[in-house]
Amino acid sequence: MTTTKPLLGAPTARLEAREKVTGTARYATDYPTDRTAYAWPVPATVVRGEITAIDATAALADPAVLAVLSHQNAPRLRETDDPFVTVLQSPRINHRGQYVALAVATSLEAARAAAEAIRVTYRCEPHDVVLTPDHPGLYKPDEVGVGMPADREHGDFDTTYANARVRIDVVYETPALHNHPMEPHSATALWDGDELTVYDSNQDSSGVQQALARLFGLAADKVHVVNEHVGGGFGSKGSARAPVVLAAMAARTVRRPVKLALPRNQLAATIGYRAPTIQRIRVGADAEGHIHALAHELVTQTATVGEFVEFAAVPTRTMYHAPHSRTTHRVTRLDVPAPSWMRAPGECPGMFALESAMDELALACGLDPVELRLRNEPTVEPDTGLPYSSRHLVECLREGARRFGWHDRDARIATSREGRFLIGSGVAASTYPAFVMPSHAEAHAAADGGYEVRVSASDIGTGARTVLAQIAAEALGVPLDSVRVRVGSSDLPPASVAGGSSGTASWGWPVHKACTELRRRLAECGHAVPEQGITVAADIAEELDDREDFARHAFGAQFAEVQVDPVTGETRVRRLLGVFAAGRILNPRTARSQFIGGMTMGLGMALLEGSTMDREFGDYAERDLASYHVPACADVPEIDVHWIDEEDPHLNPMGSKGIGEIGIVGTAAAIANAVHHATGVRLRALPIHPDALLTRLADQLGLA
Ligand code: MOS
């Protein structure tokens, strides 16, 4: 029973493709329930202060309305410092849009009407919602991300920079960016006595199970979290969000199953967003472009409750050889919604700044931007001194330049035209760490010759269950269709979040281990499987403890060609090419989709996305897809993706690095660099909107 072709590396179609295209795949609120009630949350209409009164009389006058929950009567939750799940517990208002009440009714329409009819009175306090580079509240956080130091310093940056032949000192800004997954954050909750089952749209069924158990004071095995299909998350579903907690509270109160799906216009205030950044970059180099001093200093915001720091200076610790360096993070607490994870937190905005500055340095040194990067390639990770498990940035840049026709371009600024359009091209590097997190899995051989693999993985649209089936079948040495993969439930062996681009490595490793052991046992017993089958459980805690120290990262190179209309200021991307070195690519079909998706999101960041804080209302103004522009099909050109075959024995048994996030990293810089090449205008604040570009173009072209 052996397969002829290797399954790892095969372009296997998604196992759930038919269910998805025929509409039978169930998302969080698709599960049929009896006597269903519907909940609609009420957001605060002030920024800071306290609720003084709640009048639900009008709302409760409708017999279809079952309950109105607020801090006055909602079930008490155990205390946590997580702002996303601490809902309806106190009259305190920390930001506009914070949930202050929940209407529950026998129909969605009645719930929504009741929510509108609830009158909330507030005592208001002055608020502070605008991030400035010298905000008085700026402080140095204890750590950034998961356990990373806020500041790092090597050598003597100040002296070396002051004495450098070529100096770049620039400030880049990125706006708040919002996650808008196709499926908004949603949940269905049912209680059976003291046992809670939720169908919830999240990236981590095991993590949400733990969170709900803590909040409601239950044993973890009394909480069942199902996330069989998830319509995207990008990080905003990486841990429990309000809907699942509110639905569980409401279901307990009205003693019925409760469904809650957030309306899109509430997402910006309640699910986390990428915080705006102000990033100063200083580079000191010699005339040949060798970097001697490099500083990346970040200013960003967090909320008054919880702390999340967009760790954008972190990628600068691994990218280029720089003997004298400084990377710092400063953050201030504002009366704003809590920021959180969004695809490549840290790397995405940080590499926009660093890779734009590299472009500026190349010009200052009169060097080709690809060549500049090749000259600053480190031999070990600059920050840690660790060897890289594998690093093929140079190969990505060279192969990308060849495929893109980079060296055929006219390198002069603002000289290429087609009709009235100004044409330009740009390059940027990308990087993302190769994480693995502790996870468990089981492999089961049934007496009838079938196999089942169980792991509480979350397939948020990436193709995770498909690649897990490939890993399992290959390790077992059996055809793909004899393996059934069960994911998407906290009742399965606990596994890690679909986040940090770590899913395939973290879940695939114990799956591989369990299947390898199962195959050995089957051989041992001559494939005489007993009636009850054979089950093998595996976890990778020991393997992770025993790993050697390496710097483990994926790398890539992004190339963009743009046209700028000097009359309207509109930029259109004509071509995008990404070449990545991300270990072994286990499924080229689903991998290509992920790279393209990331690059598309990077295009949105470069040209379209970003929201504006209304100083008076204390709120992000763009809260729907009509005002918060994500790229539409017409905005996205053909995106070309390739990868370098990378053999890295220091990762996991599959040899894979994560691919979910690296695609977004560097894209915006490549596009912004292309806009500069086309026009001579360097816009250091994203997005590159026509109005911003047009003003500067007029100056540049002498039209002012
Ligand atoms: Mo991703 S932002 O690590 O879910």
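Quick note: residue numbers are just sequence positions, from 1. Atoms within a ligand are numbered from 1 in the order they appear, just like the ligands themselves.
- Under a 4.0 Å N-O distance rule, the pair K657/E646 qualifies as a salt bridge.
- Taking a heavy-atom cut-off of under 4.0 Å, ligand 1 is surrounded by Q203, F234, G235, W341, M342, R343, P345, A498, G499, G500, E661.
- A donor and an acceptor atom, one from each side chain of S496 and S439, are located under 3.5 Å apart.
- Y620 places no side-chain N or O within donor-acceptor distance of the main-chain N or O of V336, the cut-off being under 3.5 Å.
- Between S205 and S456 there is a side-chain heavy-atom pair separated by less than 4.5 Å.
- Although no hydrogens or angles enter the test, the distance criterion places a donor-acceptor pair under 3.5 Å between the side chain of E661 and the main chain of S501.
- Among residue pairs with one or both ends in residues 265-275, those qualifying as salt bridge (charged side-chain N to carboxylate O under 4.0 Å, His left out) are R274-E310; sequence neighbours excluded.
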